[in-house]
Amino acid sequence: MNKLSRNERLTVILKLLSEHNTLSNAQLARLLQVTPKTIRCDLVHLEREKQVIRRHGGVQRSAEFDADKYSLDSLLSQLTASRPLSALMTQSLSDDGVSKMNNKIFILGSFNVDIVSKLERFPQAGETLHSLTNSIGAGGKGANQAFAAAKSGANITFMTKIGKDQFSHFAKEHLAGTGIDNTIIIESETSPTGNALIYVCEPTGENMIAVHSGANTEITQSEVSQAEQHIVGAKLFLTQLENNIDAIRQSMMIAAEHGVKVVLNPAPYHEQTPELLRYVDVITPNETEASLMTGIEVTDLSSAKLAAKKINQMGVKTVVITRGSQGVLLYEDERFMEVGAIKCAVTDTTGAGDAFNGALVARLVEGETLLDAARYANAYASLAVEREGAANMPDAALVAARL
């Protein structure tokens with residue numbers, strides 16, 4: 001049997017439930033020839049759509065069950081409900097699902113559980129402060145960037161590794177609800193799910209972060225090899241540096257060898273970063289990472305330009321330096337371009353860089369110029385910092401108004 005799309009799987013599951021009130025996860029996985037993880041994600045989606053009720057090890061029909069919800073006739077009816085078919089058919093290719101499917105992005109990255117404390121100010125060494133609020137949420141640069149790219153309309157395959165612990169179910173539930181098209185979730189037998197302790201200063205929105213990588217740094221050569229078909233089938237590959245370097249390098253090599261554009265967000269900075277640059281088409285450091293890469297202390301526009309030129313000389317064609325409240329500096333084809341900062345009501349800067357990177361690749365894969373993609377990503381990130389939480393990504397529909 002050829003591999004079914006997610007929509008096809010959902011259709012099959014509902015048709016089966018119309019004949020059998022209850023089915024087990026194992027039965028569905030065997031029949032559809034997918035992993036139990038994939039089935040669980042499908043059932044989470046159906047439960048949120050109020051089509052099914054999940055039970056231990058299985059699923060049953062809900063009171064609002066509709067066996068034809070994902071049929072072609074039903075989908076066509078939904079598509080044409082607000083606009084006539086003639087209007088839909090005359091839309092440009094970039095507005096329909098065909099474009100999304102052809103412009104796939106593969107993202108290798110981390111998933112972390114973020115434990116966030118909001119404070120009136122950051123503590124001094126040895127000082128104890130009472131937090132204003134505490135919360136637990138989803139994070140990790142890879143997961144955040146995949147979420148932002150999916151929100152921006154890209155077709156995403158996201159690969160990550162988590163532990164078999166109290167956070168594993170949380171991770172799967174979160175990723176199932178992000179709109180990411182395909183997730184490859186590997187579970188470690190020995191290490192916990194990655195986590196991050198985050199302090200956010202309430203008055204400024206600035207943050208301090210300590211990360212325990214856990215399973216994120218245990219991706220093996222064979223696990224990367226199993227994902228090779230997904231990497232090769234993508235148009236663009238994006239990664240960061242929260243996974244183990246050997247897995248990152250192997251994935252980047254596969255992408256580069258097959259002509260897949262490679263985008264590296266060198267965060268957090270790693271001493272082996274220069275060794276990866278031979279595979280990189282676009283790099284997106286912030287000022288700190290650009291400083292560490294080049295030895296040039298980036299403090300203003302002039303020093304940022306020097307750093308961008310040096311990174312280009314190190315072998316990367318396109319350099320994008322994010323400068324926080326100072327905007328973005330671009331260097332490509334021996335030409336500098338700038339994207340100005342956008343005024344916004346900063347609530348929490350955690351995940352701002354991830355929002356930028358996810359939105360940037362979503363536009364690049366659509367064929368936009370670097371400048372236009374960066375303008376979009378800058379606006380998207382400005383919306384993200386107005387929200388609490390690293391994984392609280394805004395809807396792309398809000399970007400047009402911000403621009």
Side-chain angles (χ1 to χ4, degrees), residues 1-79 97-98 100-102 104-108 111 143 146-147 150 154-162 164 168-189 219 222-234:
M1 182 177 73
N2 292 329
K3 184 176 180 181
L4 299 179
S5 69
R6 187 187 193 193
N7 192 76
E8 289 169 332
R9 293 196 307 272
L10 298 179
T11 301
V12 171
I13 292 170
L14 293 183
K15 289 295 185 184
L16 288 171
L17 283 172
S18 68
E19 300 176 12
H20 309 277
N21 182 55
T22 303
L23 292 167
S24 72
N25 294 358
Q27 288 173 322
L28 290 170
R30 284 195 302 270
L31 180 64
L32 297 174
Q33 297 180 21
V34 295
T35 66
K37 297 177 190 175
T38 298
I39 287 297
R40 284 197 295 271
C41 291
D42 289 344
L43 296 180
V44 167
H45 177 83
L46 289 172
E47 186 172 50
R48 289 181 177 174
E49 293 287 307
K50 298 182 180 179
Q51 295 300 301
V52 303
I53 300 171
R54 294 166 65 212
R55 304 297 188 193
H56 180 69
V59 66
Q60 68 182 56
R61 295 195 300 254
S62 72
E64 300 177 45
F65 178 80
D66 177 5
D68 296 320
K69 182 174 178 62
Y70 295 98
S71 68
L72 289 176
D73 287 343
S74 177
L75 290 174
L76 182 60
S77 175
Q78 293 174 41
L79 285 170
V98 176
K100 181 176 179 182
M101 291 305 295
N102 289 339
K104 295 181 180 179
I105 298 173
F106 185 96
I107 299 178
L108 171 69
F111 179 91
F147 191 9
N155 182 283
I156 304 299
T157 294
F158 174 54
M159 177 177 176
T160 194
K161 192 165 187 174
I162 62 176
K164 287 185 175 180
S168 60
H169 181 70
F170 173 81
K172 294 169 188 175
E173 290 278 331
H174 170 74
L175 292 172
T178 56
I180 296 171
D181 298 271
N182 185 33
T183 54
I184 303 172
I185 303 174
I186 309 159
E187 293 183 84
S188 170
E189 299 288 344
I219 299 177
S222 63
E223 288 163 352
V224 172
S225 296
Q226 289 170 22
E228 182 169 346
Q229 61 176 328
H230 297 284
I231 299 173
V232 172

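Here the structure is a predicted model, which is why all the values come from computation and not from measurement.
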Heavy-atom pair of closest approach, residues A143 and F158:
N-CZ, 3.4 Å

Do E173 and R54 meet the salt-bridge criterion of a basic N to acidic O distance under 4.0 Å?
yes

Does E223 offer a backbone N or O that forms a donor-acceptor pair with the side chain of Q226 under 3.5 Å?
no

Would you tell me whether T38 and T35 have side-chain atoms, one donor and one acceptor, within less than 3.5 Å of each other?
yes

Interatomic distance, L32 atom CG to R9 atom CZ [nearest 0.5 angstrom]
7.5 Å

Nearest atoms (heavy-atom pairs only) where L17 meets V59
CD2-O, 4.1 Å

When you compare the side chain of D42 with that of L28, does any pair of heavy atoms fall below 4.5 Å?
no

Indicate yes or no: does E187 engage K172 in a salt bridge with an N to O separation below 4.0 Å.
yes

Is there a side chain to side chain contact (heavy atoms under 4.5 Å, CB included) between N182 and H230? Walk through the geometry before answering.
CA-CA 10 Å; N182 185 33; H230 297 284; 3.6 Å; yes

If I take atom CG from residue N25 and atom CZ from residue R55, how far apart are they, to the nearest 0.5 angstrom?
13.0 Å

I53 CD1 to L46 CG distance, which is reported to the nearest 0.5 Å
12.5 Å

Can you label the angle between the H174 ring and the F111 ring as parallel, tilted or perpendicular, going by 30° and 60°?
tilted

Grab the two heavy atoms, one from M159 and one from I186, that are nearest each other, plus how far apart they are.
CE-CD1, 3.4 Å

With sequence neighbours left out, write down each residue that passes side-chain hydrogen bond (donor to acceptor under 3.5 Å, both in side chains) with K50, or none if nothing qualifies.
none

Evaluate the criterion side chain to side chain contact (heavy atoms under 4.5 Å, CB included) for residue pair N155 and I105; output intermediate values, then yes/no.
CA-CA 6 Å; N155 182 283; I105 298 173; over 6 Å; no

Nearest-0.5 Å distance, NE2 of residue H20 to NZ of residue K15
13.5 Å

Who pairs with T22 by side-chain contact (heavy atoms from CB on, under 4.5 Å), at least two apart in sequence or on another chain?
Q60

Could you state the interatomic distance from OG1 (T157) to CG (L108), rounded to the nearest 0.5 Å?
12.0 Å

Compare every heavy atom of Q51 with every heavy atom of D66, then report the nearest pair and how far apart it is.
N-OE1, 2.7 Å

Minimum-distance pair of heavy atoms, taken over all atoms of I180 and A146:
CD1-CB, 3.6 Å

Can you tell if the side chain of T160 reaches within under 4.5 Å of the side chain of I184, non-hydrogen atoms only?
no

Can you name the salt bridge (charged side-chain N to carboxylate O under 4.0 Å, His left out) partners of E189, sequence neighbours left out?
K164

Which atom of A150 lies closest to which atom of G179, heavy atoms considered:
CB-O, 3.9 Å

Do I156 and F106 have side chains that approach each other closer than 4.5 Å (heavy atoms only, starting at C-beta)?
no

What distance do L31 atom CG and I39 atom CD1 have between them, rounded to the nearest 0.5 Å?
8.5 Å

